[in-house]
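The figures here come from the full heavy-atom set of this structure, side chains too, leaving out hydrogens, waters and symmetry mates. This is a predicted model, so every value here is computed, not measured.
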Amino acid sequence: MSAPSFAVRHLTRSYPGEDGRPHRVLDRLDLTLAGSETVALLGRSGCGKTTLLRALLLIDHPQRGDDGDILLDGRSVLAGGRSARALRPYRRAVQYVPQDPAASLDPRHDVLSQVTRTLRSLGAPGGRDEHEATAHAVLAALDLPRDLWRRRPHEVSGGQAQRVALARALAPAPRFLLLDEPVSGLDPALRHQVLDLLAGLSDADGGLCLPAAPDGAPTPGLLVVSHDLAAVARVCRRALVMDDGRIVEDAPTTQLLTTPHHPAARALRDAVPQMPAG
């Protein structure tokens with residue numbers, strides 16, 4: 001395993017409760033990811049997964065008394081402030097695929113523009129021609145044919161929209177890719193399609209293959225946020241289980257499927273459909 005490059009240290013997040021007093025959602029949470037890992041972040045609804053994801057994306061609003069830090073390559077992400085310009089390098093390094101990719105695509109722009117506009121907004125190196133070349137490479141690598149590139153989001157299927165959102169996230173050559181419930185609510189056919197896509201992006205060492213990455217760029221890591229152990233087991237080698245705002249189990253995904261230790265991990269294992277005997 002390579003040296004850790006993405007970490008959360010003692011992260012605390014709270015929200016006002018019904019009585020006006022702060023309700024702690026993340027409780028001095030610690031998390032460390034190495035540069036090329038494929039990792040699942042698992043837990044029941046309400047355990048703090050979404051709050052953690054918002055913190056990692058720097059779109060949350062810490063309350064008075066909240067604390068902790070997010071580190072990239074050992075340096076505090078917020079050391080230079082929260083301005084859009086200061087955060088550009090981090091936003092290029094940590095990209096995101098939302099739970100509803102189709103809804104996240106701009107209906108005014110075609111598939112190709114979804115990718116090139118992201119590169120421009122993030123201040124990616126190069127000009128228009130270089131950005132289009134990068135977009136072409138990533139879209140082609142994700143098996144999106146050229147006849148789709150000038151279509152708008154409402155003109156592509158759900159599976160194709162998922163690939164467009166993934167291409168948009170991969171184009172800046174990120175260090176880490178965050179996916180929020182990538183198969184939640186999908187019908188079985190599309191669920192298998194998305195899982196096949198994610199599994200196909202993983203190489204033999206468990207890292208993501210990024211065809212558009214510059215020469216020498218590190219293989220990015222993958223963090224899949226989910227409550228579905230069976231789904232992420234196809235993609236992720238390591239799993240973190242959250243409960244009440246903390247990481248309560250950190251183990252190989254195969255171990256969670258067989259011998260989980262914490263009650264929250266056992267509940268996830270017990271929710272996996274079992275094949276009938278015989």
Side-chain angles (χ1 to χ4, degrees), residues 4-17 22-35 37-79 82 87 90-91 93-101 104 165 169 174-184 198 208 220-229 231-233 235-251 253 256 260 262-265 267-268 271:
S5 55
F6 194 26
V8 172
R9 290 288 177 263
H10 308 314
L11 195 67
T12 299
R13 289 292 184 270
S14 303
Y15 293 108
H23 169 64
R24 183 165 289 186
V25 181
L26 299 181
D27 188 8
R28 293 183 60 80
L29 182 143
D30 289 315
L31 178 156
T32 301
L33 302 179
E37 286 189 289
T38 52
V39 180
L41 179 66
L42 298 161
R44 59 179 174 80
S45 296
C47 72
K49 300 190 305 295
T50 298
T51 300
L52 175 58
L53 189 58
R54 289 177 59 84
L56 293 176
L57 294 170
L58 305 180
I59 58 174
D60 65 336
H61 300 283
Q63 304 294 306
R64 180 179 296 179
D66 286 347
D67 202 356
D69 205 357
I70 299 170
L71 307 173
L72 186 64
D73 294 330
R75 298 181 179 180
S76 174
V77 169
L78 295 175
R82 279 185 172 263
L87 293 179
Y90 178 77
R91 298 203 186 283
V94 179
Q95 278 288 299
Y96 170 61
V97 180
Q99 183 172 349
D100 187 352
S104 75
R175 297 284 306 279
F176 291 91
L177 187 65
L178 312 180
L179 296 103
D180 186 13
E181 297 282 5
V183 296
S184 176
L198 295 177
L208 278 173
L222 177 67
L223 181 68
V224 181
V225 178
S226 181
H227 65 277
D228 188 337
L229 176 57
V232 298
V235 179
C236 300
R237 293 191 170 191
R238 177 183 166 211
L240 309 172
V241 179
M242 280 191 70
D243 192 45
D244 291 333
R246 292 185 176 185
I247 303 297
V248 296
E249 190 152 351
D250 180 347
T253 313
L256 288 187
H262 193 275
L268 291 170

Begin with the C-alpha distance, continue with both residues' side-chain angles, and end with the deciding distance and a verdict on side-chain contact (heavy atoms from CB on, under 4.5 Å) for L42 and V224.
-> CA-CA 8 Å; L42 298 161; V224 181; over 6 Å; no
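- Rounded to the nearest 0.5 angstrom, L31 CG and L71 CG are separated by 11.0 Å.
- For the side-chain contact (heavy atoms from CB on, under 4.5 Å) with L222, the qualifying choice from L177, L178, V39 is L177, the only one to do so.
- Looking at every heavy atom in both residues, Q63 comes nearest to S14 through CG-O, 3.0 Å.
- Shown here are the side chain to side chain contact (heavy atoms under 4.5 Å, CB included) partners of R75, two or more places apart in sequence or in another chain: there are none.
- In this structure, CZ in R175 is found 11.5 Å from OH in Y90, a value given to the nearest 0.5 Å.
- Residues meeting the salt bridge (charged side-chain N to carboxylate O under 4.0 Å, His left out) test with R246, sequence neighbours left out: D27.
- Of all non-hydrogen atoms in G43 and H227, the two that sit nearest each other are O-CB, 3.3 Å.
- Here the closest heavy-atom approach between residue M242 and residue L52 is recorded as SD-CD2, 4.0 Å.
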How far apart are the C-alpha atoms of L256 and E249, what are their side-chain angles, what is the distance that settles it, and do they pass the side-chain contact (heavy atoms from CB on, under 4.5 Å) test?
-> CA-CA 9 Å; L256 288 187; E249 190 152 351; 3.5 Å; yes
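- For D66 and R24, the salt-bridge test fails: no basic side-chain N is under 4.0 Å from an acidic carboxylate O.
- A distance of 8.0 Å separates CG of L223 from CZ of F6, quoted to the nearest 0.5 Å.
- Formation of a donor-acceptor pair under 3.5 Å by the T253 side chain with backbone atoms of R237 is found in this model.
- Residues passing the side chain to side chain contact (heavy atoms under 4.5 Å, CB included) test with Q99, sequence neighbours excluded: D180, E181, S184.
- To the nearest 0.5 angstrom, L56 atom CG is 10.5 Å from F176 atom CZ.
- Here the closest heavy-atom approach between residue L26 and residue G48 is recorded as CD2-O, 3.6 Å.
- From L29, atom CG reaches atom CG of D244 across 12.0 Å, with rounding to the nearest 0.5 Å.
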Stepwise side-chain contact (heavy atoms from CB on, under 4.5 Å) check, I247 with L41 = CA-CA 9 Å; I247 303 297; L41 179 66; 3.9 Å; yes
Assess whether side-chain contact (heavy atoms from CB on, under 4.5 Å) is satisfied between H10 and D30, documenting all intermediate values.
-> CA-CA 5 Å; H10 308 314; D30 289 315; 3.4 Å; yes
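- Here the shortest heavy-atom pairing between R238 and E37 reads NH1-OE1, 2.8 Å.
- Side-chain atoms of L268 and P260, non-hydrogen and from C-beta on, never get closer than 4.5 Å to each other.
- Rounding to the nearest 0.5 Å gives a distance of 9.5 Å between OG1 of T32 and CG of L240.
- A55 and I70 get closest at one heavy-atom pair: O-CD1, 3.2 Å.
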